[in-house]
Amino acid sequence: MEGKSSKSVKKEEKKIFTDSGIEIQPLYLHVVQQQKEIPGEFPFTRGVHATMYREKLWTMRQYAGFSTAEESNKRYHYLLNQGTTGLSVAFDLPTQIGYDSDHEMADGEVGKVGVAIDSLLDMEMLFKGIPLQGITTSMTINATANILLAMYVALAKKQNADLKKISGTVQNDILKEYAARGTYIYPPKPSMKLITDIFEFCSNELPNWNTISVSGYHMREAGCTAVQEVAFTLADGKAYLKAAIAKGLDINVFARRISFFFNAHNNLFEEVAKFRAARRMWAKITSDLGATDSRAQMLRFHTQTGGSTLTAQQPMNNIVRVTIQAMSAVLGGTQSLHTNGFDEALSLPTETAAGLALRTQQIIAHESGVTQTVDPLGGSYFVEQLTNDVEKEAWNYIERIDAMGGAVSAIEQGFIQEEIAASAYKYQKQIEDDSKIIVGVNHFTATEKPSASVFRIDDSIRTLQINKIKDLKATRNQSAVESILSVLESKARAEENLMPSVIEAVENYSTLGEVANVFRKVYGEYRV
């Protein structure tokens, strides 16, 4: 066949105009040339892609999960029908800390802050009618990340999906749990081992899976500043890089699948500067540790609007807060975004609030015009200087952490925890002495009736889950379960990669708690 190959034909650049008919350039080169930084090129200050949102929008990934797998599945189908482009799973506290719903420690918590997942049966119901090969899924899970990822892989295999094409993210960031959030189980060293097991397994079997989402979000929720969020998150990321390199993994392979998870607060310009500075700093960190592949040097991140900024007083005000926060994430170049429901200071989001949160993203994407050029705040005197200032202050923190022996050592010494606590205390004092205004809380207050439209989960959910576990244990092959759990224990003691055995365990319908208890037996539990 005559004619040019598809590779030799340059794609015609799409032209975009303002509502007044003014053509918008993809990049204003005179500004870029002054700054010596190009979008899509090292150090990625202006974005990890050359054209950013002009060709492809960020993933609108709404975080959801509550009650039983059946109920969460209904919410997922609702969100998909409303136009969400990625799912993000919230798990309940027992699932996060390795307890089945029938454990005494699970009493009062089953299904409350996320969905209860006790076995592969629950995972099958959670994604009923949702082909895993056709959707990206993020799972906010850490101490039990290997077990939940194993269930996801087992389900993908049951759906006859091509594991090479499965994509998504497992949070898998245990260091911030010790620093801020608290859903850890095992001591730091074996926890790091489980994390690098996932790095190694996915490099070979799930090449499109993001093996970790290094999370500043929860440290920000605990009270740290924007500068601290960047510094502590990247320090943790640096620790994961070093652990994987020590295991013999190639940074140019595994670092491609490291992603990040940041918070978005109300100070619009500081948040934009934070995101830009973080990209530039990560490029230097990875390069200094030997990364030469540009994909291994890129900081790709998900953003969630600030849950701690939402107020129970005058909850409709939260719609404005979430809009500002979402705008900062987009102007800062996020790869995916979750917007909180306005009622989340009162309860789990209602369906109405969840729908409006998604519409907020869609309006920003399709009506605001901020997606029409790359790094639209680039070249602003203020934003450029603020980016430099955030970076400088964050490097100061990282240097102090490095001097302590790295993030693991800094956490063990309590440094990061103390810094977060001090910042949280200072912020609260500012609210109490009126030097910081929170509309509807300490200024512009109003007498209002509490909203009747709240979403509650009752304790009967635990009974449903307990009955599921009883039925499962009565029908599964118990000898096969006992055999594979014994093998898993032996491999854990031998320091082998545990992912294949964990997958086999969940495929035989071992429960999450049973697998976690094997690791408790081998590694022990961490006590501060």
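The figures that follow rest on heavy atoms only: side chains count, while hydrogens, waters and symmetry mates do not. For the single chain, residues carry numbers from 1 onward in sequence order.
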What is the distance from atom [atom1] of [X] to atom [atom2] of [Y], rounded to the nearest 0.5 Å?
X	Y	atom1	atom2	value
D375	M52	CG	CE	8.5 Å
T339	I364	OG1	CD1	7.5 Å
F91	L126	CZ	CG	7.0 Å
I416	I411	CD1	CD1	4.5 Å
I141	L512	CD1	CG	7.5 Å
K112	L348	NZ	CG	10.0 Å

What closest approach, in Å, do [X] and [Y] show between heavy atoms, and which atom pair accounts for it?
X	Y	answer
R61	S88	CG-CB, 3.7 Å
I420	A179	CD1-O, 4.1 Å
V272	S328	CG2-O, 3.6 Å
A365	L57	CB-CD1, 3.8 Å
A516	G98	CB-O, 3.7 Å
Q314	G440	NE2-CA, 3.4 Å

Q: Begin with the C-alpha distance, continue with both residues' side-chain angles, and end with the deciding distance and a verdict on side-chain contact (heavy atoms from CB on, under 4.5 Å) for I461 and L464.
A: CA-CA 5 Å; I461 299 303; L464 293 174; 4.3 Å; yes
(Q) Under the criterion side chain to side chain donor-acceptor pair (under 3.5 Å), I'd like the reasoning laid out for T84 against Q62: C-alpha separation, chi angles, the key distance, then a yes or no. (A) CA-CA 7 Å; T84 195; Q62 290 301 100; 5.6 Å; no
Do [X] and [Y] come close enough that some side-chain heavy atom pair is under 4.5 Å?
X	Y	answer
I135	L80	yes
R75	L79	yes
M219	D236	yes
H302	T169	no
V89	Y152	no
P94	H103	no
Q171	K176	yes
V115	N73	no

Q.
Before you tell me yes or no, could you show the steps for V322 and L310 under side-chain contact (heavy atoms from CB on, under 4.5 Å), namely the whole-Å CA-CA distance, both residues' side-chain angles and the distance that decides it to 0.1 Å?
A. CA-CA 8 Å; V322 169; L310 303 181; 4.0 Å; yes
Just by modelled atom types, is the [Y] backbone N or O under 3.5 Å from a matching donor or acceptor in the [X] side chain?
X	Y	result
N340	A357	no
T85	M60	yes
R300	R256	yes
S191	Y186	yes
N442	I431	yes
D343	A353	no
T286	A283	yes
T373	P376	no
T137	L87	no
D92	G114	no

Hydrogens and angles aside, do [X] and [Y] bring a side-chain donor and acceptor to less than 3.5 Å of each other?
X	Y	value
T387	R280	no
E177	T183	yes
Q325	N266	yes
R462	Q465	no

Q) Is the Y526 ring parallel, tilted or perpendicular to the Y178 ring (thresholds 30°, 60°)? A) perpendicular
Q) For the residue pair F260 and W282, does the interplanar ring angle fall in the parallel (under 30°), tilted (30 to 60°) or perpendicular (over 60°) class? A) perpendicular
Salt bridge flag under 4.0 Å for residues [X] and [Y]:
X	Y	result
E384	R46	yes
E271	R220	yes
K128	E70	no

Q: I would like to know whether F342 and R321 meet side-chain contact (heavy atoms from CB on, under 4.5 Å); could you show each step before the answer?
A: CA-CA 9 Å; F342 67 84; R321 294 185 178 103; over 6 Å; no
Q: Apply ring-ring contact (aromatic ring centres under 6.0 Å, His included) to W58 and list each qualifying residue two or more places apart in sequence or on a separate chain.
A: Y53
Q. Where do R181 and S215 land on the side chain to side chain donor-acceptor pair (under 3.5 Å) test, with the steps shown first?
A. CA-CA 11 Å; R181 193 162 175 264; S215 176; over 6 Å; no
Q: Sequence neighbours left out, what pairs pass ring pair (Phe, Tyr, Trp, His ring centres under 6.0 Å) with at least one residue falling in residues 413-445?
A: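 For residues 413-445, and leaving out neighbouring residues, there are no ring pair (Phe, Tyr, Trp, His ring centres under 6.0 Å) pairs at all.
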**Q.** Residue pairs passing the ring pair (Phe, Tyr, Trp, His ring centres under 6.0 Å) test where at least one lies in residues 375-403, sequence neighbours excluded
**A.** F232-Y397, F269-F382
Q.
Evaluate E221 against S308 for side chain to side chain donor-acceptor pair (under 3.5 Å), listing each step before the verdict.
A. CA-CA 6 Å; E221 290 291 280; S308 63; 3.2 Å; yes
